[in-house]
Amino acid sequence: MFNIRQSLELIVSSAIAEATGLADCKAHVIYSSRPEFGDYQANGVMTVAKQLKSNPRELAARVVSALQENDLIADAQVAGPGFINLFLKDATLAGAATRFAHGQQKMIGTVESPQRIVVDYSGPNLAKEMHVGHLRGTIIGDCLVRVLETVGHDVIRQNHVGDWGTQFGMLIAHMESLGENSAQVHTHLADLETFYREAKTRFDQEPGFADLARGYVVKLQRGDPACLQAWKKFIDESLSHCENVYQRLGVTLTTRDLMPESLYNNELDGILNSLRETGLLTVSDGAQCVFLDEFTGKEGTPLPAIVQKSDGGYLYATTDLAALRHRGLNLRADRVLYVVDARQSLHFQLAFAIARKAGFVPANCSLEHIAYGTMMGEDGKPFKTRSGDTVKLNELLEESVRRAHDIVNGKSPELSPEHREQIANVVGISAVKYADLSKNRTSDYIFDWATMLSFDGNTAPYMLYAYARIKSILRRQGEGIVHPELSEIRITAVEERNLVIKILQFPEVIGVVAAECYPNYLCAYLYELAGVFMRFYEACPVLKAETELRASRVTLVSLTANTLKHGLGLLGLETLEQM
RNA sequence: GGCCCCGUAGCUCAGUGGAUUAGAGCAGCUGCCUUCUAAGCAGUUGGUCGCAGGUUCGACUCCUGCCGGGGCCGCCA
């Protein structure tokens with residue numbers, strides 16, 4: 001894989017080894033903070049010098065003279081207390097960019113040792129319609145999955161939908177009482193949220209209904225065929241709602257990725273037996289619990305993970321343990337990612353710890369809670385409608401598209417209505433997704449229409465505009481005038497150089513996102529790429545340049561377009577040729 | 001009481017493994033469209049990076065304590 005930073009890391013660290021006789025010294029190469037400090041800088045020498053109790057500047061000088069001949073580094077200078085500032089060779093940069101533009105080399109290469117990575121994301125509760133609370137996990141998870149696949153990992157998506165539990169008794173009772181006709185059922189379930197609310201109201205108010213509902217839960221759990229059939233009908237309907245939202249959002253999840261909670265039902269007894277056999281199980285107040293020394297609860301009391309209620313019922317901890325075992329032992333995952341709300345952090349700490357102690361996952365399997373924060377309203381409180389209801393995801397998307405439509409109508413009245421509608425669709429959906437992806441996933445964020453639909457700043461509309469502007473150049477130069485796949489990219493101006501370097505850093509960023517699971521790094525990179533392009537665009541005429549320079553610049557523009565599109569695609573965003 | 005997260009410009013947010021002068025966007029002010037989409041670009045105003053210590057050649061970043069905000073902690077998921 002072409003990765004400037006990795007290459008520099010190798011070159012400089014072997015020079016450190018050469019200069020010191022020590023193996024495994026990190027060069028610690030990062031981007032330079034300012035242009036005069038070079039393109040990259042190596043900071044590792046100072047750490048090594050400290051270990052050796054030697055003068056860092058002298059050591060840095062020795063490392064510089066020990067640098068092997070290579071085609072990447074044009075100049076290496078010792079600076080400050082012992083930094084090594086690295087200046088890259090234009091010819092090498094231009095050559096690499098040209099190879100990418102010609103398609104001779106893929107920008108994103110594959111990792112040397114692909115892993116099997118299970119990614120658990122989205123996982124809506126099927127009792128209700130998808131709402132804004134499901135957005136972040138779905139969007140972030142889908143981005144991570146795309147990135148991990150692109151770098152060559154074997155990714156297994158797991159949509160751990162909530163299709164089991166006490167509230168389904170209530171829903172089935174309500175559905176059954178409305179009649180058996182499937183067409184009617186479909187009509188009634190068209191608005192799942194209302195259906196849920198009706199059932200809940202009856203559960204709370206209507207005499208006898210609650211008992212009926214509880215009866216259905218028991219029947220359901222015993223496997224009563226009629227009850228299961230009704231349940232299945234409900235689940236199918238709810239799933240098709242999800243499918244619609246996924247399709248609208250452009251999420252890659254399909255029915256093949258479904259791994260509903262109910263599929264683990266038959267394994268829960270086994271999970272309990274295993275825990276008992278390994279001596280992890282303790283009875284406390286009639287419930288089956290696992291206590292681990294490293295976890296304490298209120299007032300320093302031992303913290304239980306309840307795996308079976310005193311009435312014999314199982315809980316989500318039990319199901320999650322079954323899921324962990326499935327992923328660890330059956331799917332043989334090297335890495336399992338849980339893209340789940342940060343508030344469940346403790347639950348996963350417990351589940352992971354228990355799963356390891358019980359041997360449900362191999363010791364070398366990495367279990368990671370990819371936590372994300374809550375979406376807040378403008379008041380800084382969890383995002384709700386004015387009346388205090390949860391906001392349906394479908395309605396949120398609709399409103400975003402509608403707002404985008406208003407903007408497009410205002411800015412581009414010359415386009416056909418159909419074209420404007422298509423643009424509004426992409427802008428509206430992208431705005432919502434990008435707003436989410438561009439923020440650090442661990443923090444709560446404030447949902448704000450004006451910011452996310454703005455064309456200024458790190459937003460989807462800006463990114464899409466940048467792309468459309470780039471494509472406009474390529475369109476205007478006409479077919480067959482310059483062949484980007486045949487022309488050489490040359491570096492003749494600092495803006496071109498900056499653009500080339502930025503493009504070549506794409507694989508580095510992808511590598512970081514794949515390792516650390518922060519999509520906002522990719523957004524920040526693409527925003528910078530768009531910005532660097534805009535500066536190039538202002539400073540360097542493309543179509544008016546002389547023949548060879550023009551060919552070079554068109555090729556560079558084309559490569560920029562491909563990189564932007566590729567990156568936005570990994571975020572799960574569509575692009576527009578024209579805006 | 002324990003554990004987790006957060007505190008960076010008036011607002012919304014970045015800041016990869018420690019590094020030289022802490023960055024964007026909005027809001028405010030100022031320039032640039034007979035020239036590839038001005039939905040843009042450039043400039044400018046604005047910060048004791050919650051507070052106090054510590055480690056270090058060097059701390060927004062690491063450690064400790066404190067203050068402030070949020071979250072989680074036995075039969076929901």
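Residue numbers begin at 1 in each chain, while the letters A, B, ... track the order of the sequences.
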Looking only at the side chain of [X] (C-beta and beyond, no hydrogens), which of the listed nucleotides [options] gets closest?
X: Q578(A); options: G15(B), U37(B), C73(B); answer: U37(B)
X: V542(A); options: G70(B), U56(B), C36(B); answer: C36(B)
X: N85(A); options: U16(B), G15(B), U20(B); answer: U20(B)
X: T296(A); options: A42(B), U20(B), G2(B); answer: G2(B)
X: D456(A); options: C76(B), C26(B), U16(B); answer: C26(B)
X: F455(A); options: G40(B), A42(B), C75(B); answer: G40(B)
X: P304(A); options: C4(B), G74(B), C41(B); answer: G74(B)
X: Y445(A); options: A77(B), C13(B), U20(B); answer: C13(B)
X: I446(A); options: U12(B), G40(B), G15(B); answer: U12(B)
X: E261(A); options: U20(B), C72(B), A77(B); answer: A77(B)

Open item on the list: So, taking the atom named CD1 in I446(A) and the one named OG1 in T374(A), what distance separates them when rounded to the nearest 0.5 Å?
Closed with: 12.0 Å

Task: Interatomic distance, L549(A) atom CG to S487(A) atom OG [nearest 0.5 angstrom] - done: 11.5 Å

Open item on the list: Using a 4.0 Å heavy-atom cut-off, does R5(A) contact any base of the nucleic acid, only the sugar-phosphate backbone, or nothing at all?
Closed with: base

Open item on the list: Does S284(A) reach a base, just sugar-phosphate, or nothing at all? Heavy atoms under 4.0 Å.
Closed with: base

TODO: Evaluate whether the aromatic ring of F37(A) and the six-membered ring of the U20(B) base sit under 5.5 Å apart, centre to centre, with an inclination under 30°.
DONE: yes

TODO: Verify the stacking flag for F83(A) against U20(B): centroid separation must be under 5.5 angstrom and the ring planes must differ by under 30 degrees.
DONE: yes

Open item on the list: Tell me the interatomic distance from W449(A), atom CH2, to U12(B), atom P, rounded to whole angstroms.
Closed with: 19 Å

TODO: In whole angstrom, give the distance that lies between atom CG of L292(A) and atom C1' of G74(B).
DONE: 14 Å

Task: Syn-anti status, with the boundary at 90° from 0, for the nucleotide C33(B) - done: syn

Open item on the list: For G74(B), does the O4'-C1'-N9-C4 or O4'-C1'-N1-C2 angle fall within 90° of 0, making it syn, or is it anti?
Closed with: syn

[X] side chain N/O closer than 4.0 Å to the phosphate oxygens (OP1, OP2) of [N]?
X: N43(A); N: U20(B); answer: no
X: S443(A); N: A14(B); answer: yes
X: S345(A); N: C4(B); answer: no
X: K381(A); N: G70(B); answer: no
X: N458(A); N: A14(B); answer: no
X: R553(A); N: C36(B); answer: no
X: Y462(A); N: C41(B); answer: yes
X: R343(A); N: C4(B); answer: no

Open item on the list: Please check if the number of heavy atoms outside E495(A) that lie under 6.0 Å from its CD is greater than 12.
Closed with: yes

Task: Residue pair E548(A) / S552(A), side-chain donor-acceptor N/O under 3.5 Å - done: no

Task: Heavy-atom side-chain contact between L393(A) and L135(A) under 4.5 Å - done: yes

